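Following: one structure in structure tokens, then a few remarks.
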Amino acid sequence: MNIQSIVIALDESDFSPRIASRGFELAVFFNATVELLLVRNNNAIINASLANTSIENDDTMERQMSNIRQVTEKYHLVEHSTTILNGDPQEQIIQFMTHSNADLLIAGTHGRTGIDHLISGSIAEYIIRHSTIPVLVIPYNHETH
């Protein structure tokens, strides 16, 4: 498999920089370019309390971008760009990928089960089912899996 371009799909969680780091590690290995795709979920406020997560705000977004900048600075030799979209993450990611020439999509999963999974669904599962390119899914919270 020849991987020249990688899209790393991120959300506003604190685990996203970890997913970005893993994606950049692969980019270094394959000498690939990276497109960071951050999707701000419009439904996050509604689903946050149901999924036992915090409600993100602009301060959180600024902190998140700062954390991701630290990752990109660490891998400064990797050619990369960033796209920020608003909306339903699963739809935005698939729509973005239809216009992308990427060879690999990397996404994280929160690993929710039970009622949390039923209510908020699994974005990773949706992406796997609808993607036209290979998808690498990385658990957000390695310690709990």
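Predicted model, so just to flag it, every value in this text is computed and none were measured.
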Requested in this report: Report yes if some heavy atom in the side chain of Ile138 is under 4.5 Å from a heavy atom in the side chain of Ile106; otherwise report no.
Outcome: yes

Report task. Return yes if some donor-acceptor pair links the side-chain N/O of His130 with the main-chain N/O of Ile127 below 3.5 Å, else return no. Result -> no

Query raised in the report: Rounded to the nearest 0.5 Å, what separation is found between the CG atom of Asp88 and the CZ atom of Arg40?
Result: 15.0 Å

Report summary line: Heavy-atom nearest pair, Asn67 first then Pro17, reads CB-CG, 3.6 Å

Report task. Answer yes or no: is there a side-chain heavy-atom contact under 4.5 Å between Ile8 and Ile19? Result -> yes

**Report entry** Spacing of CG belonging to Asn2 relative to CZ belonging to Phe30, to within rounding of 0.5 Å
**Finding:** 9.0 Å

Query raised in the report: For the residue pair Ala20 and Leu10, what are the closest heavy atoms and their distance?
Result: N-CD2, 4.0 Å

Query raised in the report: With side chains defined as the heavy atoms from C-beta onward, is the minimum distance between Leu104 and Val7 less than 4.5 Å?
Result: no

**Report entry** Close side-chain approach of Ile6 to Thr33, heavy-atom, < 4.5 Å
**Finding:** no

Query raised in the report: What residue pairs, at least two apart or across chains, pass side chain to side chain donor-acceptor pair (under 3.5 Å) with a residue in residues 93-102?
Result: none

**Report entry** Closest contact, heavy atoms only, Glu12 versus Asn41
**Finding:** OE2-N, 3.7 Å

**Report entry** Residue pair Val137 / Ala124: nearest heavy atoms and the distance that separates them
**Finding:** CG1-CB, 4.0 Å

Query raised in the report: Counting only heavy atoms not in Glu79, do more than 12 fall under 6.0 Å of its CD?
Result: no

Query - Side-chain heavy atoms of Val34 within contact of Leu36, under 4.5 Å - result: yes

**Report entry** Any donor-acceptor N/O pair, Asp103 side chain to Gln4 backbone, under 3.5 Å
**Finding:** yes

Query - Audit row: Met97, Leu105, side chain to side chain contact (heavy atoms under 4.5 Å, CB included) steps and yes/no - result: CA-CA 8 Å; Met97 295 308 296; Leu105 171 61; 4.0 Å; yes

Query raised in the report: Does any donor atom in the side chain of Glu35 or Thr83 lie under 3.5 Å from an acceptor atom in the other side chain?
Result: yes

Query raised in the report: Looking only at side chains, do Asp11 and Ser16 share a donor and an acceptor under 3.5 Å apart?
Result: yes

Report summary line: Shortest non-hydrogen pair, Val78 vs Ala32, comes out as CG1-O, 3.6 Å

Query raised in the report: Do you reckon Leu136 sits in the same ILVMFWY cluster as Phe29, going by side-chain contacts under 4.5 Å, direct or chained?
Result: yes

Requested in this report: Verify whether the ring centers belonging to Phe24 and His80 lie closer than 6.0 Å.
Outcome: yes

Report task. Taking the side chain as every heavy atom from C-beta outward, state whether Leu37 and Leu85 have any atom pair closer than 4.5 Å. Result -> yes

Report summary line: Output for pair (Ile3 CD1, Asn31 CG), nearest 0.5 Å, gives 12.0 Å

